[in-house]
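See below for the structure under consideration.
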Amino acid sequence: MEVKHRTARSLVKKLGSVSEITRSEALAELRLMTKNDAESRLIIAEAGAIPYLAETLYSSSHDSQDNAAATLLNISISSRAPLMSTRGLLDAISHVLRHHATNSSPSAVQSSAATLYSLLVDDSYRSIIGAKRDIAYSLIEIIKRPNSPPRSIKDALKALFGIALFPLNRAGLIDLGAAGALFSLVLKDGRVGIVEDTTAVIAQIAGCEESESAFWKVSGVKVLEDLLDVGTGSSERTKENAVGALLNLVRCGGGGVMREVKEMRPGAVEGIKDVRENGTAKGKSKAIALLKAVEGGAKKWDFAMEMCKLGVDS
């Protein structure tokens with residue numbers, strides 16, 4: 001153990017060297033250590049590496065930026081608190097994401113988005129990260145950009161999902177244009193994994209009062225209806241996400257949403273019933289709740305609205 005401490009201190013000291021070669025070699029070694037030895041992650045963080053790694057995210061060297069971003073990701077898997085307590089870390093991550101189309105390397109963008117998702121596993125950090133509008137905006141821009149690498153899109157979607165898990169963040173994502181970007185991705189990208197991850201985020205952001213207007217502008221209910229239609233061949237996870245999105249819309253939206261959902265074509269209703277019969281336990285409960293909400297009366301409607309205000313997850 002003492003050897004690991006000495007090695008960590010030595011490498012962190014090299015991160016402050018005036019020699020770029022020395023810094024680069026130390027970064028590469030830290031990346032390898034944190035990848036292969038989970039025990040070393042906290043040791044390296046406690047040795048003072050994180051401020052240096054955060055500063056390196058501003059580097060014009062793609063190799064250095066990649067190694068720093070990957071090392072931060074590895075550390076975040078085991079030791080989230082040291083990252084969140086480092087001043088300027090989120091700003092450095094934001095810098096990488098903000099320049100995703102220009103100066104940042106794709107690998108650094110992916111690692112930075114994945115680091116956010118790792119941090120967002122801790123629900124106490126969701127309000128903090130969600131309050132950084134520049135981060136949310138950059139993540140949305142990544143999924144909007146036509147030639148973003150698929151891995152960057154998937155990592156950005158996972159980070160957006162983590163942000164949207166905190167109910168008070170959802171309206172902010174809507175305000176930044178998340179609904180349009182997400183539904184556009186569903187319509188333009190036929191890859192199953194991308195559609196599944198996208199609809200997972202859609203289901204979350206549907207859980208706020210602002211979602212009704214935003215979804216109406218992009219024909220969101222119709223898109224979700226298409227995904228549920230048994231004739232479209234959507235995956236089971238996509239259909240469950242579509243059910244969750246519609247349930248949140250019904251709970252948080254107005255009468256217009258309810259009427260639109262009630263007028264869904266038979267194929268989509270069959271899709272909901274299919275989830276009720278064959279979905280996961282959580283998917284089944286959502287499908288049952290959606291069918292009951294559509295068929296329920298005013299009293300049930302009032303209760304649903306209260307659940308939305310409380311941020312109760314569907």
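In what follows, residues are counted from 1 in the order of the sequence shown.
- No continuous path of hydrophobic side-chain contacts links Trp216 to Leu173 [ILVMFWY only; heavy atoms under 4.5 Å].
- The aromatic rings of Tyr58 and His95 sit tilted relative to each other, their planes meeting at an angle between 30° and 60°.
- The two residues Val250 and Leu290 come nearest to each other via the heavy atoms CG2-CD1, 4.1 Å.
- In terms of heavy atoms, Gly130 sits closest to Ile163 at CA-CG2, 4.0 Å.
- Once rounded to the nearest 0.5 Å, the distance linking OG of Ser124 with CD1 of Ile128 reads 6.5 Å.
- Under the 4.5 Å side-chain heavy-atom criterion for ILVMFWY residues, no single connected hydrophobic cluster contains both Met33 and Leu73.
- Nearest approach of Leu116 to Ala159, heavy atoms of both residues: CB-CB, 4.2 Å.
- Between Leu182 and Ile205, the closest side-chain pair of non-hydrogen atoms falls below 4.5 Å.
- A donor-acceptor pair under 3.5 Å is absent between the side-chain atoms of Ser112 and the main chain of Val109, judged by distance alone.
- Looking only at distances, no side-chain donor or acceptor of Thr34 sits under 3.5 Å from a matching main-chain atom of Arg41.
- Nearest heavy atom pair, residue Lys286 against residue Gly244, reads CD-CA, 4.0 Å.
- At distances below 3.5 Å, at least one donor-acceptor pair connects side-chain atoms of Asn248 with backbone N or O atoms of Ala203.
- Aromatic ring centres of Phe215 and Phe183: separated by under 6.0 Å.
- Across every non-hydrogen atom of Ala268 and Leu228, the tightest pair is O-CB, 3.9 Å.
- Pairs engaging residues 229-244 under the salt bridge (charged side-chain N to carboxylate O under 4.0 Å, His left out) rule: Glu196-Arg237, Asp197-Arg237, Asp229-Arg265, Glu236-Lys239, Lys239-Asp274 [sequence neighbours left out].
- Under a 4.5 Å side-chain heavy-atom cut-off, the cluster of Ile, Leu, Val, Met, Phe, Trp and Tyr residues that includes Phe166 is completed by Leu168.
- Taking 4.0 Å as the cut-off between side-chain N and carboxylate O, Asp155 and Arg151 count as a salt-bridged pair.
- Checked by atom type, the side-chain pair Gln65/Ser59 shows no donor-acceptor distance below 3.5 Å.
- Side chains of Ser105 and Asp66: a donor-acceptor N/O pair is present below 3.5 angstrom, by distance only.
- Formation of a donor-acceptor pair under 3.5 Å by the Ser79 side chain with backbone atoms of Pro82 is not found in this model.
- The two residues Leu97 and Ala113 make their nearest non-hydrogen contact at CD2-N, 4.1 Å.
- Taking a 6.0 Å sphere around CD of Glu55, one finds it holds 12 or fewer heavy atoms contributed by other residues, nucleotides or ligands.
- Under 4.0 Å is where a charged nitrogen must lie from a carboxylate oxygen, and between Asp91 and Lys132 at least one such pair does.
- Once rounded to the nearest 0.5 Å, the distance linking CZ of Arg133 with CG of Leu176 reads 4.0 Å.
- Put simply, the side chain of Ser211 never gets that close to the backbone of Leu249: no donor and acceptor are under 3.5 Å apart.
- Side-chain atoms of His62 never come within 3.5 Å of backbone atoms of Ser107 as a donor-acceptor pair (strictly under, hydrogens ignored).
- At a threshold of 4.5 Å between non-hydrogen side-chain atoms, the residues Leu15 and Thr56 do not count as touching.
- At most 12 non-hydrogen atoms from other residues, nucleotides or ligands lie less than 6.0 angstrom from NZ of Lys158.
- Remark: Leu160 CG to Ile202 CD1 distance equals 11.0 Å, nearest 0.5 Å.
- Atom CG in Leu139 sits 9.0 Å away from atom NE2 in His100 (nearest 0.5 Å).
- Panel note: side chain Ser94, backbone Leu90; no donor-acceptor pair is recorded below 3.5 Å.
- A distance-only check finds a donor-acceptor pair linking the side chain of Arg170 to the backbone of Gly207 [under 3.5 Å].
- Thr198 pairs in a side chain to side chain contact (heavy atoms under 4.5 Å, CB included) with only one of the listed residues (Ile143, Leu185, Asn241), which is Leu185.
- The closest donor-acceptor contact from the side chain of Thr7 to the backbone of Val3 lies under 3.5 Å.
- Linking Ile, Leu, Val, Met, Phe, Trp and Tyr whenever their side-chain heavy atoms come within less than 4.5 Å puts Leu157 and Val218 in one cluster.
- Between the side chains of Asp63 and Ser61, not a single donor N or O lies within less than 3.5 Å of an accepting N or O.
- Here CD1 of Ile44 is found 13.5 Å from CZ of Arg31. Values are rounded to the nearest 0.5 Å.
- Between the side chains of Thr238 and Ser235, at least one donor N or O lies within less than 3.5 Å of an accepting N or O.
- Here the side chain of Ser118 pairs a donor or acceptor atom with the backbone of Ser76 at under 3.5 angstrom.
- Ile75 is listed as a side-chain neighbour of Leu53, based on a closest heavy-atom distance under 4.5 Å.
- Both Met264 and Met258 are members of a single hydrophobic cluster when ILVMFWY side chains are connected at heavy-atom separations under 4.5 Å.
- If you take CD on Glu29 and OG on Ser10, they are separated by 8.0 Å, rounding to the nearest 0.5 Å.
- Shown here is Lys273, whose NZ atom has no more than 12 heavy atoms of other residues, nucleotides or ligands within 6.0 Å.
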